[in-house]
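Inspection log for the structure reproduced underneath, given as structure tokens.
Residues take their numbers from the sequence shown, with the count starting at 1.
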Amino acid sequence: LFRSPLFAAADAREAVEPEVALAPMSAGAEVVEDYGHVGLSLRAHPLSFLRQCLAARRIRPCAEATALKDGRRTALAGLILVRQMPATATGVVFVTIEDETGIANLVVWRDVYEKHRRILLTARMIAAHGKVQREGEVVHVVVARLEDLTPDLARIGDATLDVRSRDFH
């Protein structure tokens, strides 16, 4: 069997390749890397690392906010999963956000959309301030104000989190 000198050289290098010692990553950095590469993580949700800071700002988890009574004011935060502006909705934008407790559906009326357009179109994570609207089993938060919390994602790990929104127009 003929063996090329190229492969012989490769075999020789494999035998003497030095081991590489990498510094262990923090749990937050692992989640950041997971989201940056595949858009999700089986380890934890990014907001779980920010929950204490969000709670200090009176920003509730999605599950808690959507469990409130109809008409109750609340603030919640999450990664933007979907932004929709159907032609039949006459300027209303529907947004789905997600945190470590679940998802929440947001309704953004035209005037709020115009005021917070840049945030709504570019942010990867937002805080939404508004009122719970409950009709049977369907629960939305009608948004009065938005905050871009994307910079807070950088605090989770050493790299900037690149969350891929799944937008359907």
Side-chain angles (χ1 to χ4, degrees), residues 28 30-157 159-169:
E30 288 178 354
V31 169
V32 167
E33 288 299 317
D34 288 348
Y35 268 81
H37 292 287
V38 294
L40 62 94
S41 178
L42 298 177
R43 302 169 201 275
H45 194 280
L47 269 76
S48 66
F49 297 97
L50 302 173
R51 182 53 56 200
Q52 191 173 6
C53 294
L54 294 171
R57 296 173 57 191
R58 297 185 182 182
I59 297 175
R60 302 173 193 265
C62 288
E64 185 180 317
T66 57
L68 295 172
K69 291 181 180 180
D70 184 55
R72 209 46 217 280
R73 290 200 172 281
T74 191
L76 64 163
L79 300 176
I80 295 179
L81 296 181
V82 179
R83 299 170 182 94
Q84 293 179 307
M85 186 187 279
T88 58
T90 61
V92 178
V93 179
F94 300 100
V95 180
T96 302
I97 62 172
E98 173 192 63
D99 71 4
E100 74 279 17
T101 68
I103 64 168
N105 296 308
L106 310 177
V107 175
V108 183
W109 294 111
R110 181 185 293 254
D111 61 329
V112 176
Y113 169 73
E114 291 301 329
K115 192 178 213 179
H116 299 286
R117 179 184 179 110
R118 184 194 57 75
I119 292 172
L120 200 55
L121 295 178
T122 63
R124 291 177 284 178
M125 183 172 106
I126 59 172
H129 303 264
K131 279 188 184 178
V132 174
Q133 184 179 58
R134 181 178 290 286
E135 202 166 307
E137 294 296 314
V138 179
V139 180
H140 291 89
V141 174
V142 178
V143 177
R145 183 171 59 90
L146 292 168
E147 290 178 69
D148 185 353
L149 299 182
T150 304
D152 292 345
L153 293 173
R155 297 185 311 145
I156 295 170
T160 302
L161 186 61
D162 182 20
V163 177
R164 295 176 178 95
S165 292
R166 295 174 284 277
D167 297 337
F168 303 98
H169 298 285

- Tell me, do F49 and D152 make a side-chain contact under 4.5 Å, heavy atoms counted? no
- Item | Nearest atoms (heavy-atom pairs only) where A65 meets L76 | CB-CB, 3.9 Å
- Pairwise side-chain contact, E64 with T74, heavy-atom cut-off 4.5 Å (strictly under): no
- Do you know which two heavy atoms are closest between H129 and A75, and how far apart they sit? ND1-CB, 3.4 Å
- Query: Between L146 and Y113, is a side chain to side chain contact (heavy atoms under 4.5 Å, CB included) present by the stated rule, with each step listed?
  - Reply: CA-CA 9 Å; L146 292 168; Y113 169 73; over 6 Å; no
- Query: Do V143 and V95 come close enough that some side-chain heavy atom pair is under 4.5 Å?
  - Reply: no
- Check against side chain to side chain contact (heavy atoms under 4.5 Å, CB included), I80 and I97: CA-CA 5 Å; I80 295 179; I97 62 172; 4.2 Å; yes
- Check against side chain to side chain contact (heavy atoms under 4.5 Å, CB included), H116 and R145: CA-CA 8 Å; H116 299 286; R145 183 171 59 90; 4.0 Å; yes
- Item | Rounded distance (nearest 0.5 Å) linking atom CG of L47 with atom CD of E98 | 9.0 Å
- What distance do R43 atom CZ and E33 atom CD have between them, rounded to the nearest 0.5 Å? 10.0 Å
- Query: Would you say the side chain of N105 lies within less than 4.5 Å of the side chain of T96, judging by non-hydrogen atoms?
  - Reply: yes
- Heavy-atom side-chain proximity of L50 to M125 below 4.5 angstrom: yes
- Output yes when a side-chain donor or acceptor of T101 lies under 3.5 Å from a complementary backbone atom of A63, and no otherwise. yes
- Message: A side-chain contact here means heavy atoms from C-beta on lying under 4.5 Å apart; do L120 and M85 qualify?
- Response: no
- Give, for atom CD of E135 and atom CG of D70, the distance between the pair rounded to the nearest 0.5 Å. 8.5 Å
- Note on the structure: Residue set satisfying salt bridge (Lys or Arg N to Asp or Glu O under 4.0 Å) with E100, at least two apart, ordered chain then number -> R51
- For the side chain of T150 and the backbone of A123, is there at least one donor-acceptor N/O pair under 3.5 Å apart? no
- Gap between atom CG of L79 and atom SG of C62 - 0.5 Å precision: 9.0 Å
- Task: Side-chain contact test, heavy atoms from C-beta onward, threshold under 4.5 Å: evaluate it for W109 versus V92 and give yes or no.
- Result: yes
- What's the shortest heavy-atom distance between A77 and L149, and which atoms? CB-CD1, 3.8 Å
- Message: Do Y35 and L153 have side chains that approach each other closer than 4.5 Å (heavy atoms only, starting at C-beta)?
- Response: no
- Once you round to the nearest 0.5 Å, how far does CG of D99 lie from CG of L54? 8.5 Å
- Note on the structure: When every non-hydrogen atom of Q133 is compared with those of V142, the smallest separation belongs to OE1-CG2, 3.8 Å
- Message: I need the E30 CD to L42 CG distance, nearest 0.5 Å.
- Response: 12.0 Å
